[in-house]
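Let me begin by presenting the structure, written as structure tokens, before commenting on it.
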Amino acid sequence: MSSSISHLLETLNLSHITHSDIQPLIHALKGDAKVSVCHQGNSFEGRSIERITFGNGPIKILAWTQMHGNEATATASVFDLLDTLLSSSDESLVDAASLFTLDIVPMLNPDGAERCIRHNAQAIDINRDAMAKQTLEGNLLMDLVDTLKPHIAFNLHDQSPYYQCGTNGNPSTIAFLAPAFDVDKTIDKPRRLAMALISHMTDVLKPHINQSVARYDDTFSPRSFGDRIAGKGAATILIESGAARNDPDRQIARRMNHIAMLAAMRMLKREHQGDIDDAQLDALQDAYWTIPENTSETLSSLLIRNLHFVGPHSYQASISIKQTARYSNQFFIDAVGDVGVQAGLEEFDAGDLTYDAGSVHTLSTTTIITEESYHDWLRQGVIQFQGPIEYLDNQSPYQVLMNQPLSAGPRALVLQQPAYFLMRRGDSVVAAVINGKLIKLT
Ligand SMILES: [Zn+2]
């Protein structure tokens, strides 16, 4: 059986989601007798913020997404979750409506979503406003927590693509946290339950994304909502959606959020029925600490290993290349040398290849650059053009450099500069890095 939103889920197969993207789903749910949709309030700029309620059972769950406007992955996931519950497509949860009251606020920060930025329209990070309470959006969430008094709170975010799962070379596609609610990181019953749920969700995700589930740092952050809400007695679970290889739109993390939240609901059902005892919860709590740490900023978009630099002083170095921000199309040289435990979402072992900064070609007439002709220019050692800007007719998929200060030094790379250089074997250019994209020319 399909639900009132099944046919709309595909419209959320996006790298970013805005307020208007979710309106058709909200509209469809308003006409669905199995849920209620309540206009919870407006953002600073007057965009509507809705709350969707499914079920009327004793286990109360509150989930919110996109408190940071440019973190949209789980917004799709909560609609996926609603679809599963409304279509009764998960047999173990057919009775969900009588067991759970699930409240969902999809997109708490629609103004930030509109601009694809973290902050709201006041330039305030809502997730640092839990004490100051100067944002409409943050107050809306806190009021909901105080009125609904959820047992379980899902705080759904996205994280940098450069978080590594421990030091295993894989991205943290999902990172979980049972946030601390005091500096001593006290573990009370709700926090223990959150940890146990996280261990269970991690186990369930393993067959899907083995070695890509991490545990977020639990330093107490008093200005953050998760930590504050944990202090109000809800078993609070932060889920950070992260990168996966060859998944720029984070559809893998989207699916993992969906699977994880369903797994949590199944476990809560068993716990409610008395099928999980204290010893099992303790064992799961212990297992929480064995989840690899979410290691900050130790991945790069492209890691070139062992490139040779030839000159009076020859050396070998690895090169880490990163995006300036998740949604930017600019890539820069982040680090050069021994990059330690760093790994790349894409890696290339340069082997016997040597670094070449490339040369500049002066255009004397209008020149069409296609993908193929650009490869030829690169083979000839040309990394950028100069001349009147209208002479360059770029029809290639690449960001071709023109009239820029040389991005790299002639003999050495320059940090923080755009990532453009060539790699040679003897006289032949066999590969290039063009704005962080690896191009193999053989
Ligand atoms: Zn966030």
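Read the numbers this way: they start at 1 and go in the same order the structure lists the ligands and their atoms.
From Ile22, atom CD1 reaches atom CG of Leu8 across 12.0 Å, with rounding to the nearest 0.5 Å.
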- request: Go through the steps for Asp158 and Arg326 under the test salt bridge (charged side-chain N to carboxylate O under 4.0 Å, His left out), then give the verdict.
  value: CA-CA 10 Å; Asp158 272 69; Arg326 183 176 159 210; 3.2 Å; yes
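You'll find the side chain of Asn306 stays beyond 4.5 Å of the side chain of Leu353, heavy atoms only.
Taking the centre of each ring, Tyr398 and His375 come in below the 6.0 Å mark. Close placement of the Tyr355 and Phe421 rings is indicated, their centers lying within 6.0 Å of each other.
Of all protein N/O/S atoms, those under 2.8 Å from the Zn ion (ligand 1) are His68 ND1, Glu71 OE1, Glu71 OE2, His157 ND1, and waters are not counted.
Taking a cutoff of 4.0 Å between a charged side-chain nitrogen and a carboxylate oxygen, Lys322 and Asp334 qualify as a salt bridge.
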